[in-house]
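Worksheet for the structure shown next.
Here is the naming used below: chain letters follow the sequence lines, and residue numbers restart at 1 for every chain. Quick caveat: nothing in here was measured; it's all calculated off a predicted structure. Hydrogens, waters and symmetry mates play no part in the numbers below; they use all other heavy atoms, side chains included.
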Amino acid sequence: MERFLLKRAIVLVVTLTLVSFLAFLVPWIGDTDPARAIIRSRVADLAMDSAAVEALRIKLGLDQPLLHQFFTWLGRVFQGDLGLSFTSRLPVADQILRAIGVSATLALSALFLALAIALPVGTLAAVHQGRRFDGIVTFIAQGFVSIPEYWLAPVLVLLFAVELGWLPSAGWSGFETLILPAAVLCLRPLAYFSQVMRASMIDVLHANYILAARSRGLGLAGALVRHGLRNGIQPVLTVFALWLAGLLGGSVVVEVIFAIPGMGRLIYSAVINNDMPMLQGSIICIVGLAIVINTTADVLYGVLNPTVTVSGDAR
Amino acid sequence: MTFLTRIVRWTMRQHWTFIAGLLCGTTVALLLIAAPVISLHDPVAQNLSMRLQGPGGDHWLGNDQLGRDLWARLLYGGRFSVVVAALTLVLSVTIGTVIGAWCGRVGGAIDEFVMRVVDVLISFPEIIVALFLIAIIGPGFGTLVLALTLVGWTPFARLARGIALDISSRDYIAAAEVLGCTRTFILLRHVIPNALRPISAMTFLRFGHKLITVGALSYLGLGVQPPDSDWGAMLADARQFAVRQPLLVFAPGIAIMVTALSVTLMGQGLEIDADRSRRLRAGQS
């Protein structure tokens, strides 16, 4: 276990360093001159003074060797200083922190909603394996995966906000504004969760401990709730972690459509406005979070299920 | 001819969802390929006097906000996303399978390293990678394909590695080796045929996701660039006219859904059979 944790910690550090180096290189890959871009973002002047550009270049240390610049930059990143956004001229770190909170709220609401529906549905489908209920659930799941969010979202807005007037059409100001985006976002994880739950419960149903519990006189439902659920839910938790990492920045379309000030929309507007510091900050943040969440999930998986030998690849 | 009948026979033996998906998917593909023949109108020809008209006459689905024929736009619009999604998948499958199978065979530190890379990339949303790449090298066909392939190969690598490990530990491989078969022969005769079904099942199952991601980028204005259009871009354009002409919103959405669903059904059909034959094998051993 210690060796596993150590290995994971090394991988974590190496990956994060690599990713931050890539993020650092971003302005150099595109052909935007950072000094010019910064001046343009501040004074919106296209015909700029070349002396001013040169002065800023020296002030920012852009005349230093690349690796030297990288380590200076990395040092600042470790202190939580990701620079100023080109567009808002506010600290990038503050904006990202606020956006991550919003995205996490949205992602967790959608995922728990999906979980609440998928667990019973997946279990029922496993119990009815091969019969009509199972077929219908699988078909609906495939249908959910095939619905684009950017189609469902406007249609739901049209129905619940414009026609019926029950819910607000966009914004981020409390529980009501959370309902529609969470509903749109939960469909795809719902489909995956229910399929994973179904597959794992099918294995559980054939396990000896269920047979033993039933032979002691416990009904099927009782046996599943008392012994099956705990085992069957583990693969779903792994998928849950994957989805959480994915949705923290990946709900771009839903956040743009519903005007939610989360990570996805932040990245989108950074791309549109060519806001380099914001892009660098969000790359580090998103990749870092994804790695941390997945590592935590792996470790938790080992803790929850002691029979899994934790040596890199399970079993 | 015999080849054709063999294909038909093989198809008829598959699960019914595969056949349903195949029929539906082929229809969509034929419609997209034959777009110049079937559509009576030019997809970019504007006719402002026909703005937001409902279906009627030779405009089978009506006209959009600029009076362009919706049916023609639907046919031509599908081409971009479907081609990007399909091309990305072909690249992802090839790269992923080669890397995964290779890792499974060599093992050791290389295997460990590549699988950790896969662990990191696999949870990374494709749309974010695409957005970052667009920010760096600008939007376009190549950017989309590159971005979607960059993370797209990972699930295939994981699957191919698992299959390679599984197959190479089987008795019939050992038997073939004892019989003196060459490595190439074993690869062609045993490894590839056994790996083909699960890998193609996953390929079909990933298609819908790719298609939707391409559409999402176009919806955000970062995928297909004007004057070309695709279903995602059409949805974005139609949004403000949704109340006056709902068909403008419904048609592209349903087109994406039908295309994605039919390919997904094919994948599911293949997967069901893969499960069934695996259970049969497990039962025998």
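If you measure heavy-atom distances from A:I147 to chain B, the contacts under 4.5 Å come from both the backbone and the side chain. Only the side chain of B:L222 has a heavy atom closer than 4.5 Å to any heavy atom of chain A. Within the 4.5 angstrom heavy-atom criterion, no atom of A:L248 approaches chain B. For B:I127, the part sitting under 4.5 Å from any heavy atom of chain A is the side chain, from C-beta outward, and nothing else. Heavy atoms of A:V145 lying under 4.5 Å from chain B belong exclusively to its backbone. B:I128 touches chain A through its side chain: at least one heavy atom from C-beta onward sits under 4.5 Å away, while N, CA, C and O do not.
Ranked by heavy-atom pairs under 4.5 Å with chain B, the first of A:V271, A:T138, A:L242 is A:V271. If you tally non-hydrogen atom pairs under 4.5 Å between each of B:L235, B:V258, B:L205, B:I254 and chain A, the highest count goes to B:L235. Heavy-atom pairs under 4.5 Å with chain B peak, among A:I283, A:L158, A:V155, A:V287, at A:I283. Highest contact tally toward chain B, considering only A:G246, A:P154, A:S146, A:G143, is held by A:S146 [criterion: heavy-atom pairs under 4.5 Å]. Interface remark: of the candidates A:V14, A:I272, A:I257, A:V157, A:I257 forms the most heavy-atom pairs closer than 4.5 Å to chain B.
Each of A:L185, A:L152, A:L180 was checked for a side-chain contact (heavy atoms from CB on, under 4.5 Å) with A:V254, and the lone residue meeting it is A:L185.
Not counting sequence neighbours, the partners of B:V214 by the side chain to side chain contact (heavy atoms under 4.5 Å, CB included) test are B:F80, B:S81, B:V84, B:L144, B:L148, B:D230.
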ask   = side chain to side chain contact (heavy atoms under 4.5 Å, CB included) between B:V249 and B:F241: does it pass, once the steps are laid out?
value = CA-CA 8 Å; B:V249 172; B:F241 305 100; over 6 Å; no
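The neighbour count for A:F139 CZ, taken as heavy atoms of other residues, nucleotides or ligands under 6.0 Å away, does not exceed 12. When the shell of 6.0 Å around CZ of B:F113 is examined, it contains 12 or fewer heavy atoms from other residues, nucleotides or ligands.
For the residue pair B:I256 and B:G232, the shortest heavy atom distance occurs at CD1-N, 4.5 Å.
The stretch residues 125-151 of chain B participates, sequence neighbours left out, in these side chain to side chain donor-acceptor pair (under 3.5 Å) pairs: B:E126-B:H209, B:E126-B:K210.
Taking the six-membered ring for Trp and thresholds of 30 and 60 degrees, A:W243 and A:Y192 have ring planes inclined between 30 and 60 degrees apart.
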